[in-house]
Amino acid sequence: HDFGIPVAAWKSTHQNNVKNSQDDVLNAMSGVIEFSDECTNLFEQQHRLEKSNFEASMHQIILDIQAFNVALKKRRTLQVTYTTKLKQINDKETAFDKAAKALKPPEVTERLAAEKHSLQREADPIKVALEDCSARLIREASRAQPLLGINMKKCIREYAKIQIEYTTKLNEAWKKLMPVLETSDEVVASIAPPPQDQTVDSEAEETADKETEIEAAEDLL
């Protein structure tokens, strides 16, 4: 559309200087302007189709992937929390064994045993939540993965169809414009001056050179 605007202005100026409504330059300009408008309409139509048929479906796929990533992060958080609790329990158990071997007072071993038992109570529900989250993720992945692949192929197929339709119509617009432009070339060729005969030019140059040589010889005499 950008090149259609200056051509339209050029057409208005040219139209004021010619009287023949069948002027081939005017026809060529009209063809370019019509082609420009058609390209603009095709581009706008392509944009609407991409937005309605492709971007909306792709946006839903992106949302599904983001939801799955959120669930993965949640599982990762549970896993880290549970692993930390297990390490703390292991540390308390090691400290309890050392205290028992060192014959520490009962209050020391009892305190360590109580702390270990408290950590175990905290770890148990985290373990259950982690197992539930992992099972749910596996279940959702098994269900959604085939659908995700199918939806992705549908989106790409729809996008390809839009591009093919746009390219085909754009090619038809170019083909419609070409006869007008080729007619203009024929008109230019018909009014172009005939090429000069190089043989005549060479003979004229040779005659001029001889006359120059004669004049130079007379001056010497």
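For the residue pair C155 and M58, the shortest heavy atom distance occurs at SG-N, 3.7 Å. Considering every non-hydrogen atom in both V108 and A99, the closest pair reads CG1-CB, 4.3 Å. Of all heavy-atom pairs between A71 and C133, the closest is O-SG, 4.1 Å.
Side-chain atoms of Y82 and L78, non-hydrogen and from C-beta on, never get closer than 4.5 Å to each other. Residues K101 and K98 are not in side-chain contact: their nearest non-hydrogen atoms beyond the backbone lie 4.5 Å or more apart. Proximity of V128 to D124: side-chain heavy atoms (C-beta onward) are nowhere separated by under 4.5 Å. Between E165 and K169 there is a side-chain heavy-atom pair separated by less than 4.5 Å. Residues I62 and I65 have side chains not in contact (no heavy-atom distance under 4.5 Å, counting atoms from C-beta outward). The shortest side-chain heavy-atom distance between R136 and R139 falls under the 4.5 Å cut-off.
To the nearest 0.5 Å, atoms CZ (R75) and CD (E131) are separated by 10.5 Å. To the nearest 0.5 angstrom, I89 atom CD1 is 11.0 Å from R121 atom CZ. Summarising the geometry, atom CE belonging to M152 is positioned 12.5 Å from atom CD1 belonging to I150; distances are rounded to the nearest 0.5 Å. The distance from the OG1 atom of T94 to the NZ atom of K92 is 11.0 Å, given to the nearest 0.5 Å. Residue N90 holds its CG atom at 11.0 Å from CG of L119, rounded to the nearest 0.5 Å.
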### Task
Start with the C-alpha gap between K175 and E172, add the side-chain angles, then the distance that decides, and say whether side-chain contact (heavy atoms from CB on, under 4.5 Å) holds.
CA-CA 5 Å; K175 288 181 178 179; E172 291 174 356; 5.6 Å; no
### Query
Under the salt bridge (Lys or Arg N to Asp or Glu O under 4.0 Å) criterion, do D91 and K87 qualify, and how do the steps go?
CA-CA 6 Å; D91 292 342; K87 184 179 183 307; 3.2 Å; yes
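In this structure, the side chain of T84 engages the main chain of V80 through a donor-acceptor pair within 3.5 Å. Looking only at distances, a side-chain donor or acceptor of T109 sits under 3.5 Å from a matching main-chain atom of P106.
At a threshold of 4.0 Å, the pair R111-E115 counts as salt-bridged, since one of the basic side-chain nitrogens sits closer than that to a carboxylate oxygen.
For the 3.5 Å distance criterion, the side chains of Q163 and Q46 qualify, holding a donor opposite an acceptor. Between the side chains of N41 and Q45, not a single donor N or O lies within less than 3.5 Å of an accepting N or O.
With hydrophobic clusters built from ILVMFWY side chains whose heavy atoms lie under 4.5 angstrom apart, L86 shares a cluster with L130. Residues F68 and I61 do not share a hydrophobic cluster, defined by chaining ILVMFWY side chains whose heavy atoms lie under 4.5 Å apart. L49 and Y166 are not part of a single hydrophobic cluster, where members link through side-chain heavy atoms under 4.5 Å apart.
Heavy-atom neighbours of K85 NZ from other residues, nucleotides or ligands within 6.0 Å: above the threshold of 12.
None of E93, E122, E110 except one satisfies the salt bridge (charged side-chain N to carboxylate O under 4.0 Å, His left out) rule with K116; the exception is E93.
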